[in-house]
S.K.: 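Please see the structure below; I have some questions.
As a basis for the values below, the full set of heavy atoms in this structure was taken, side chains included, without hydrogen atoms, waters or symmetry mates. The residues of the chain are indexed from 1 along the displayed sequence. Counting starts at 1 for both ligands and their atoms, in listed order.
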Amino acid sequence: MPKKAFFISTAIDYPSAPPHLGHLYEKVCADAIARWKQLNNFNVHFSTGTDEHGQKIERKAEENNLTPKKFADKMSKSFIKLCKTYSISHNDFIRTTEPRHKTAVEHFMKKIRRDIYKGTYEGSYCTDCETFYQEKDLDNGNCKIHKKPTEYLKEEAYFFRMSKYQNQLMENLKNNPILPEHKKNEILERLKEPLKDLCISRTSIKWGIPLPFDKKHTVYIWGDALTNYLTTIGYPKSSYKTFWPADIHIIGKDIIWHHYVIWHSLLMSARLKTPKLIFVHGFINIEGEKMSKSRGTVIDPAKLAEKYPIDSIRYYLIRETPFGDDGDFSEHALTARHNGELANELGNLLNRIIILTEKKLNSTIKKDKSDSEIFKSLNIKKISGHMDSYELHKALEEIFKFVQECNRYANGKEPWKLEDKAQINNTIYNLADSMRIISILLSPFMPQASEKINSQLNVKAGKIKDCRHGLLKTTKIKKGEILFPRIQ
Ligand code: MSP
């Protein structure tokens, strides 16, 4: 049977500055979902990338005395590197300055041409969020997100008849295309007011894709950026249909309007299906406040990776904050989780298995009978259920309940005190078989640790279907380094 397709994307980041912890958070969560789907045998397309056009990049490049393209080339490298450092398993990193993207945007713009008309845009614009605002959306003239004054614009522009899609957008909300629920309700409230048409082109900036039917105009950055979700799957070539509509767009809470109201209405106009789900995650804050350059609270994930194992960071980010809520970052909490669940519980369990096998079984665990006592606390259905509802933190919590249960089982059996070889083998076999399953379940969250566990148990990486007890064959273990050395 052909594999079922699953298309997951993150937002594409503005490479106006190096990546920060928020960018990493989104990628790590999306990666865990993508890897989970892989484990379940889906044909996964996982895209991430950089959003390189627009006024913000144009200005930053100027400040750096570089052309926008040179600046984008330089900056996007740090985002690509970030993905590598943190073992992100994307199969496409899309840059909006690539020729394939220009082709897709031009094609898409032509498709929606009948909903586009010429006029003049007059009003406020926030370059940091590259968004047009009405007076009522501002706080004393300041952008509510960036807490900075907006700019006043008056220029010739093309408009997209977004207002035409108001009812369809409202109607489509009944299909629950936004999670968490309260985020959907926010949009529902905003859609109760009359929807305005969207300015879809700019004439005062040149750094972008020219509008195919009037090259004096540049496609508005969000029209350009959102189309990346089609470019990445091959649009306009018909092969894009394998992965469209997207199963899930993972985004932060500041860009829901763009992803629901703008993106869906554009797609409706182009007569394309709309994404099945937009999952909105919260923001990672520092002591309750947004990360801020001026306060020096921007966390650089590259530096963090020099100090802590990347799997500990990945684990901490997913486990600490319920997916969808805002979270707070602290090194103290990260260290506590590393030393607690990872070193004392998971690491200790593996260590016990390896040391005991070495000492008591001459490094070989023989295939043996499964003990239902240990496996009754493993609830794969529950874990899968949490993953299906994108409650990633709960899935991790449930997996770790099993880790704790395994340690309890070892404490109860005390194989280190036993003399009977058969009894020792049976206890260790059951612990090692459990560890094999734990390694599969944890691989979406901590891929490097999972590989290390497999290597020490001397087993191949498995899939979800292998999360059944009794599948461990006789194995000669290979002692390796401590999985998570404690951080002092
Ligand atoms: N370029 C646009 C997205 C276009 S998608 C078609 C953009 N870029 S961004 O660099 O500002 O943000 C990229 C992603 O990071 C967004 O989903 C945003 O919500 C997320 N985050 C930015 N700061 C964040 C935190 N502090 N915490 C968690 N995620 C945050 O918007």
Side-chain angles (χ1 to χ4, degrees), residues 8-30 47-58 60 72 75-76 78-79 82-83 88 92-97 101 104-105 108 126-131 143 145-146 178 183 207-209 219-233 246 248-264 266-267 275 278-293 295 297-301 304 313 317-318 320-329:
I8 177 168
S9 65
T10 68
I12 48 171
D13 307 320
Y14 291 127
S16 46
H20 56 61
L21 193 65
H23 295 133
L24 174 70
Y25 176 64
E26 184 168 299
K27 291 182 206 307
V28 161
C29 293
S47 70
T48 187
T50 37
D51 186 358
E52 304 183 0
H53 289 131
Q55 190 160 313
K56 182 162 152 147
I57 301 293
E58 192 174 54
K60 279 281 167 194
M75 297 302 290
S76 68
S78 54
F79 286 81
L82 176 79
C83 292
I88 305 299
D92 191 17
F93 188 99
I94 170 160
R95 298 184 54 199
T96 52
T97 47
H101 183 59
V105 171
F108 190 80
C126 170
T127 305
D128 277 325
C129 32
E130 298 276 18
T131 299
C143 161
I145 296 172
H146 294 97
I178 306 174
K183 296 289 180 200
W207 180 234
I209 299 175
V219 175
Y220 166 50
I221 175 88
W222 275 96
D224 171 338
L226 289 162
T227 313
N228 95 84
Y229 300 127
L230 290 172
T231 311
T232 178
I233 50 169
I248 182 167
H249 289 323
I250 307 276
I251 57 157
K253 62 178 184 178
D254 53 334
I255 54 176
I256 320 177
W257 180 263
H258 308 80
H259 277 80
Y260 186 70
V261 179
I262 300 182
W263 185 219
H264 286 233
L266 286 170
L267 289 164
I278 291 169
F279 190 96
V280 185
H281 62 74
F283 266 36
I284 299 295
N285 296 322
I286 311 297
E287 286 168 13
E289 295 270 343
K290 209 171 166 229
M291 276 183 266
S292 136
K293 233 193 259 166
R295 279 196 306 273
T297 54
V298 177
I299 304 281
D300 176 354
L304 208 58
I313 303 168
L317 287 175
I318 301 175
E320 186 79 4
T321 305
F323 197 35
D325 291 0
D326 284 346
D328 219 47
F329 172 83

S.K.: Describe, in one word, how the ring planes of F323 and H281 are oriented to each other, choosing from parallel (under 30°), tilted (30 to 60°) and perpendicular (over 60°).
M.R.: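 Aromatic pair F323/H281 classed parallel.
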S.K.: Quick one: look at T10 and ligand 1, take heavy-atom pairs under 4.0 Å, and tell me if it's side chain, backbone, both or neither.
M.R.: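 T10 to ligand 1: no contact under 4.0 Å from either part.
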S.K.: Report yes if H23 has an N/O atom closer than 3.5 Å to an N/O atom of ligand 1; otherwise report no.
M.R.: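 Yes: some nitrogen or oxygen of H23 is under 3.5 Å from one in ligand 1.
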S.K.: Given 3.5 Å as the limit, does a donor-acceptor pair link the side chain of S47 with the main chain of S9, or not?
M.R.: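 Looks like no, no N/O pair under 3.5 Å.
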S.K.: In ligand 1, which numbered atoms sit nearer than 4.0 Å to a non-hydrogen atom of I251?
M.R.: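 So the answer, numbered in order with elements, is 17 (O).
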S.K.: Do any nitrogen or oxygen atoms of G252 come within less than 3.5 Å of a nitrogen or oxygen of ligand 1?
M.R.: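 For ligand 1, there is an N or O atom that lies under 3.5 Å from one belonging to G252.
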S.K.: Counting both backbone and side chain atoms, is some N or O of A225 under 3.5 Å from an N or O of ligand 1?
M.R.: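 The answer is no, given that A225 and ligand 1 share no N or O pair closer than 3.5 Å.
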S.K.: Measuring from non-hydrogen atoms of K290 to any atom of ligand 1, is the shortest distance under 4.0 Å?
M.R.: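 Outside the 4.0 Å threshold, so no.
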S.K.: Within the distance-only criterion (no hydrogens, no angle test), does the side chain of S78 pair as donor or acceptor with the backbone N or O of M75 below 3.5 angstrom?
M.R.: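 Yes; judged by distance alone, with no hydrogens or angles, the pair exists.
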S.K.: With heavy atoms of G282 as the reference, note each atom of ligand 1 found under 4.0 Å away.
M.R.: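 Result: 28 (C).
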S.K.: Could you list which atoms of ligand 1 come closer than 4.0 Å to a heavy atom of M291?
M.R.: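 Taking each heavy atom of M291 in turn, ligand 1 has 26 (N) under 4.0 Å.
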S.K.: Pairs of nitrogen or oxygen atoms closer than 3.5 Å, one from I255 and one from ligand 1: do any exist?
M.R.: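 Between I255 and ligand 1, no N or O pair is found under 3.5 Å apart.
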S.K.: Below 4.0 angstrom from a heavy atom of D51, which ligand 1 atoms are there? Numbered from 1 as shown, please.
M.R.: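 Counting atoms of ligand 1 from 1, those under 4.0 Å from D51 are 1 (N), 2 (C), 4 (C).
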S.K.: I'd like to know if the side chain of E320 reaches the main chain of G327, judged simply by a donor and an acceptor atom lying under 3.5 Å from each other, with no hydrogens or angles considered.
M.R.: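 Side chain of E320 to backbone of G327, a donor-acceptor pair under 3.5 Å: no, none is there.
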S.K.: Could you check whether any heavy atom of W263 sits closer than 4.0 Å to an atom of ligand 1, since that is the contact criterion I want to use?
M.R.: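 W263 does not count as a contact of ligand 1 under the 4.0 Å cut-off.
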S.K.: Would you say ligand 1 has an N or O under 3.5 Å from any N or O of E26?
M.R.: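 Checking ligand 1 against E26, an N or O pair does fall under 3.5 Å apart.
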S.K.: So for H259, does at least one of its heavy atoms come nearer than 4.0 angstrom to any atom of ligand 1?
M.R.: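 Checking ligand 1 against H259, which is what was asked, there is a heavy-atom contact under 4.0 Å.
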S.K.: Can you say whether the rings of H20 and H23 are parallel (under 30°), tilted (30 to 60°) or perpendicular (over 60°)?
M.R.: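 Rings of H20 and H23: parallel, as their planes differ by under 30°.
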S.K.: Which option, Y14, Y25, F329, owns the non-hydrogen atom nearest atom 11 (O) of ligand 1?
M.R.: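 Among Y14, Y25, F329, the closest heavy atom to atom 11 (O) of ligand 1 belongs to Y14.
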S.K.: Can you sort out which atoms of ligand 1 are near D254, meaning under 4.0 Å from one of its heavy atoms?
M.R.: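 With D254 as reference, the close atoms of ligand 1 come out as 18 (C), 19 (O).
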S.K.: Quick one: sort the H53 and W207 rings into parallel, tilted or perpendicular, breaks at 30° and 60°.
M.R.: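 Perpendicular.
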S.K.: Which of the atoms of ligand 1 are close to D13, meaning less than 4.0 Å from one of its heavy atoms?
M.R.: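 Per the distance check, 8 (N), 10 (O), 13 (C), 14 (C).
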S.K.: Given 3.5 Å as the limit, does a donor-acceptor pair link the side chain of D328 with the main chain of G288, or not?
M.R.: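 Checking the backbone N and O of G288 against the side chain of D328, a donor-acceptor pair under 3.5 Å is found.
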S.K.: Heavy atom under 4.0 Å from ligand 1: found in H20's side chain, backbone, both, or neither?
M.R.: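 For H20, only side-chain atoms sit under 4.0 Å from ligand 1.
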S.K.: Side chain or backbone of H258 under 4.0 Å from ligand 1, or both, or neither, by non-hydrogen atoms?
M.R.: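 H258 to ligand 1: no contact under 4.0 Å from either part.
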S.K.: Please could you name the atoms of ligand 1 that N228 approaches to less than 4.0 Å, counting only its heavy atoms?
M.R.: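 Those of ligand 1 that fall under 4.0 Å from N228 are 6 (C).
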S.K.: So is W222 polar-close to ligand 1, meaning N/O to N/O under 3.5 Å?
M.R.: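 No, there is no polar N/O contact under 3.5 Å.
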